[in-house]
Each structure stands twice: as structure tokens, then as C-alpha cells.
Amino acid sequence: GPADSEAGNGLLFEPGDHRSLLGALLQAVAVHRETVASSRVRANAHASACDVAHTAYHWHGELLRVRACCAAPWTVQQGNGDEEGGAT
């Protein structure tokens with residue numbers, strides 16, 4: 001867990017069931033009680049955070065790429081005929 005790691009920046013619970021969530025909450029309480037570990041986790045989390053706008057911009061580009069890949073063939077714009085094999 002984060003208390004054991006210099007690089008930890010939060011708590012992870014898998015699988016997404018109540019026992020895993022309870023374990024993560026108990027771990028969070030234990031980390032919070034350890035001043036050094038708690039400070040380290042907060043500092044690591046702060047250092048690893050990124051601007052939401054930056055993330056949204058890149059996800060927008062990825063969604064546009066996926067949309068283009070999944071488009072029906074008849075909706076994809078064709079070239080103007082200048083390409084090799086096109087009309088002259």
C-alpha cells in the first residue's frame with residue numbers, strides 16, 4: 001500500500017466490491033494516522049495530478065479518431081480524384 005511505497009499516490013481497490021472498498025478505507029485510515037506516510041501520499045498525489053483541460057483535450061482527439069475509424073464507409077469523405085488510381 002501507499003504506506004509501504006515511496007511512489008504511492010492513492011489507494012486502489014480491486015475488484016469493485018464492498019470488501020475491497022472496505023479494505024481500501026481501512027488502509028486509508030491507517031495511512032492517515034501515520035503522519036509521514038500521509039504527507040508522502042498527499043505530496044505524490046499532488047505531483048501526479050494533471051490539468052483536466054489537458055486530459056480532456058487528448059480524450060477529445062482520441063474519441064474523434066475512434067469515431068473516424070468506426071464510420072460507415074459511405075460517410076467517409078473520398079479524395080478529389082488527384083490520388084493515384086483516381087479520375088483525371
Side-chain angles (χ1 to χ4, degrees):
D4 304 328
S5 171
E6 292 292 321
N9 65 356
L11 300 168
L12 175 66
F13 60 97
E14 283 186 307
D17 60 24
H18 70 281
R19 287 187 183 103
S20 298
L21 175 59
L22 181 59
L25 292 172
L26 292 172
Q27 187 179 14
V29 170
V31 169
H32 181 71
R33 288 183 176 157
E34 295 180 37
T35 307
V36 174
S38 181
S39 295
R40 184 173 55 241
V41 169
R42 279 195 313 275
N44 291 345
H46 181 74
S48 66
C50 65
D51 184 5
V52 174
H54 177 76
T55 302
Y57 173 80
H58 288 285
W59 270 112
H60 180 254
E62 177 63 9
L63 291 173
L64 290 176
R65 184 192 70 77
V66 169
R67 182 178 174 196
C69 290
C70 295
W74 58 88
T75 63
V76 177
Q77 291 183 351
Q78 298 298 317
N80 61 10
D82 293 339
E83 295 84 12
E84 192 174 319
T88 55

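Heads up: numbering here begins at 1 and tracks the sequence.
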Open item on the list: Just to verify, what does Thr55 make a side chain to side chain donor-acceptor pair (under 3.5 Å) with, not counting sequence neighbours?
Closed with: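 Thr55 satisfies side chain to side chain donor-acceptor pair (under 3.5 Å) with no residue once adjacent residues are dropped.
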- [ ] List the atom of Ser38, the atom of Val31, and the distance in Å for their closest heavy-atom pair.
- [x]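 That closest heavy-atom pairing would be CB-O, 3.4 Å.
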Task: Qualifying residues under salt bridge (Lys or Arg N to Asp or Glu O under 4.0 Å), relative to Arg65, sequence neighbours excluded - done: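 Listed in chain order: Glu62.
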Which pairs of donor and acceptor atoms, one on a side chain in residues 10-19, lie under 3.5 Å apart (sequence neighbours left out)?
{"residue": "Asp17", "atom": "OD1", "partner": "Arg19", "partner atom": "N", "Å": "3.3"}
{"residue": "Asp17", "atom": "OD1", "partner": "Ser20", "partner atom": "N", "Å": "2.9"}
{"residue": "Asp17", "atom": "OD1", "partner": "Ser20", "partner atom": "OG", "Å": "2.9"}

